[in-house]
Amino acid sequence: MPELPDVEKFKRYLDATSLGRRIAEVAVTDRRLLDGISPRRLADRLEGRWFAETRRHGKWLLVRLEPEDRDDWLALHFGMTGTLFHEKDAGEPPEYTRVLVRFTGGRRLAVVSMRMLGRVDLARSPERFVRRRDLGPDALRADWPTFRERLGGRRGMVKTTLMNQSVLAGIGNISADEIAFHARLHPRARLDHVSGERFRRLFDATQESLAVLVRCIAGGEAMPDDFLSPHRAEGEPCPRCGRAVRRIVLNQRGTYYCPACQRV
DNA sequence: AGTACCACCTGACGGC
DNA sequence: TGCCGTCAGGTGGTAC
């Protein structure tokens, strides 16, 4: 599930449950989630310290560790099936727990990932991490000049470019479809054919769609009636015009759009 | 720079 | 019931 809005939800969850608790032990139950670091090193860096604050960059959740040392940030990526569980430290951990952080005081945070497509990493700073991973600016914090600078002059397809994490970070399969829908652009539309008012509309749709998705997914509000996400199935009525939603495959991903509303 | 395809993983679901 | 293909909100590598 995790795209930008879902990761924002995990950020708020971690903030509400796990800040300021001293880490007693880190148990890695499946090291395949660890990206180039050993279970030993992860435990060494975390044990005895505590989570002090979080930041989200795209689909990455960065967690700052105190007291200050060398690797001051834990980086979490949730892949397609990752999630977090904070709970009382008793009994079996949740199914598919890959990393278990035990706090003093009898609580624990489980990093759960069924398909193991997520990642756990360490970083010196968010800035260095973003550079090392070649991530573009966070999609929700990109203003109009930034958006123009990142996407202007590109010739790829709208959806492909929106999902390119080095152009903008955070947009996934669902949000890309939602953005294209609100911008009234065919997901395959070539960016260099989207100019002037339509390019500005793509920026507005990006900001507005992501902001609303965050309010719904992370904030618990109801999805507005004019959103495409609840209608991701072939033949579903388009929430704007009622015509049948169509499914195509783009970048090997299921892509839904309204053939009547969205133009190339 | 851009696209297509494969690989990495596990599970759910429908057809036969 | 078992087997098989397809699909699922992830990224990274390859070849062209």
Side-chain angles (χ1 to χ4, degrees), chain A residues 1-11 28-36 56-61 75-84 94-99 111-121 129-130 132-136 138-140 149-181 186-194 206 209-210 212-218 223 227-236 245-257 264:
Chain A
M1 112 166 69
E3 300 185 18
L4 186 156
D6 310 277
V7 179
E8 184 64 28
K9 180 179 182 170
F10 299 150
K11 171 178 159 53
V28 176
T29 41
D30 196 313
R31 61 182 298 164
R32 281 176 293 178
L33 219 59
L34 272 49
D35 204 9
R56 184 192 53 70
H57 191 101
K59 301 173 191 174
W60 285 91
L61 178 56
L76 301 172
H77 192 288
F78 298 92
M80 283 175 94
T81 57
T83 190
L84 296 173
E95 200 176 8
Y96 309 118
T97 293
R98 312 302 183 187
V99 175
V111 178
V112 174
S113 179
M114 184 182 80
R115 286 171 67 186
M116 249 153 353
L117 300 171
R119 290 286 175 271
V120 175
D121 199 359
F129 184 77
V130 164
R132 172 155 65 86
R133 296 273 173 179
D134 192 25
L135 297 175
D138 181 76
L140 198 48
E149 184 258 316
R150 302 302 296 177
L151 283 84
R154 291 193 160 261
R155 288 166 302 169
M157 294 181 275
V158 163
K159 179 171 180 181
T160 311
T161 309
L162 285 172
M163 287 183 68
N164 183 339
Q165 301 299 297
S166 63
V167 174
L168 290 177
I171 300 170
N173 199 39
I174 299 277
S175 20
D177 282 359
E178 197 67 59
I179 292 166
F181 177 71
H186 193 293
R188 291 201 112 98
R190 277 183 52 157
L191 218 41
D192 55 340
H193 297 163
V194 178
T206 301
S209 305
L210 290 175
V212 170
L213 287 171
V214 166
R215 288 205 295 274
C216 297
I217 292 168
M223 191 79 69
F227 264 54
L228 178 68
S229 306
H231 306 282
R232 292 176 64 80
E234 180 96 50
E236 272 281 298
V245 165
R246 181 176 296 169
R247 176 184 193 273
I248 58 173
V249 175
L250 212 161
N251 307 332
Q252 277 78 257
R253 313 296 303 277
T255 297
Y256 297 86
Y257 73 103
V264 178

### Task
Name all stems that contain residues of DNA chain C, defined as runs of 3 or more consecutive Watson-Crick or G-U wobble pairs, both distances under 3.5 Å.
B:2-8 with C:10-16, B:10-16 with C:2-8
### Query
Are Tyr256(A) and dA8(C) close enough that a side-chain N or O sits under 4.0 Å from OP1 or OP2?
yes
### Message
Atom CZ of residue position Arg31(A) - does it have more than 12 heavy atoms of other residues, nucleotides or ligands inside 6.0 Å?
### Response
no
### Query
Is the CZ atom of Arg232(A) crowded by more than 12 outside heavy atoms at less than 6.0 Å?
yes
### Phosphate-side-chain proximity, Arg232(A) and dC7(C), N/O vs OP1/OP2 below 4.0 Å
no
### Query
Arg155(A) has a side chain; which of dG2(B), dA4(B), dG10(C) sits nearest to it?
dG2(B)
### Query
Side chains of Lys59(A) and Phe78(A): closer than 4.5 Å at any heavy-atom pair?
no
### Rounded distance (Å) that lies between atom P of dG10(C) and atom CG of Leu33(A)
16 Å
### Message
Can you measure His57(A) atom NE2 to dG10(C) atom P for me and round it to whole angstrom units?
### Response
16 Å
### Task
Taking the side chain as every heavy atom from C-beta outward, state whether Val120(A) and Arg98(A) have any atom pair closer than 4.5 Å.
no
## Note on the structure
Across all chains, not counting sequence neighbours, the salt bridge (charged side-chain N to carboxylate O under 4.0 Å, His left out) partners of Lys11(A) are Asp15(A)
### Query
Once you round it to whole Å, what is the distance between P of dT11(C) and CG of Asp35(A)?
13 Å
### Query
Any side-chain heavy atom of Val214(A) sitting closer than 4.5 Å to one from Leu4(A)?
yes
#### Entry: Salt-bridge contact Glu234(A)-Arg247(A) (side-chain N to carboxylate O under 4.0 Å)
no
### Message
Less than 4.5 Å apart, side chain to side chain, heavy atoms only: is that true for Leu84(A) and Leu76(A)?
### Response
yes
### Query
In whole Å, what is the span from the CZ atom of Arg253(A) to the P atom of dC5(B)?
16 Å
### Task
Side-chain contact test, heavy atoms from C-beta onward, threshold under 4.5 Å: evaluate it for Leu213(A) versus Ser229(A) and give yes or no.
yes
### Query
What heavy-atom pair brings Ala169(A) and Gly136(A) nearest, and what distance separates the two atoms?
CB-O, 3.6 Å
### Arg154(A): salt bridge (charged side-chain N to carboxylate O under 4.0 Å, His left out) partners, not counting sequence neighbours
none
### Message
Using the rule side chain to side chain contact (heavy atoms under 4.5 Å, CB included), only one of Asp177(A), Ile174(A), Ile248(A), Asn173(A) pairs with Tyr256(A); which is it?
### Response
Asp177(A)
### Task
Measure the distance from CZ on Arg132(A) to C1' on dT11(C) and round it to the nearest whole Å.
15 Å
Under 3.5 Å between N/O atoms: give me all the protein pairs with nucleotides 12-14 of chain C, atom names plus distance.
none

Please list each protein N or O that sits under 3.5 Å from an N or O in nucleotides 7-11 of chain B, with the distance.
residue	atom	partner	partner atom	Å
dC9(B)	O2	Arg115(A)	NE	2.9
dC9(B)	N3	Arg115(A)	NH2	3.4
dG11(B)	OP1	Tyr96(A)	OH	2.6

### Query
How close or far is atom C1' of dT11(C) from atom CG of Leu4(A), stated in whole angstroms?
16 Å
### Task
First locate atom OG1 of Thr206(A), then atom CG of Leu151(A), and finally report the distance between them rounded to the nearest 0.5 Å.
7.5 Å
#### Entry: For Met116(A) against Arg119(A), the heavy-atom pair lying closest together
O-NH1, 3.9 Å
### Summary
Separation of dT6(C) atom P from Arg247(A) atom CZ, nearest Å, is 11 Å
### Query
Roughly, in whole Å, what's the span from CE in Met80(A) to P in dA12(B)?
15 Å
### Task
For nucleotides dC6(B) and dG5(C), find the distance between their P atoms and express it as a whole number of Å.
14 Å
### Message
Near DNA chain B, counting only heavy atoms under 4.0 Å, which residues of residues 156-167 of chain A show up?
### Response
Gly156(A), Met157(A), Thr160(A)
#### Entry: For Lys159(A) against Ala176(A), the heavy-atom pair lying closest together
CG-CB, 3.9 Å
### Integer angstrom distance from the P of dC9(B) to that of dG2(C)
26 Å
### dA1(B) to dG10(C) separation - P atoms, rounded to the nearest Å
23 Å
### Task
In whole angstrom, give me the gap between the P atoms of dC8(B) and dC3(C).
22 Å
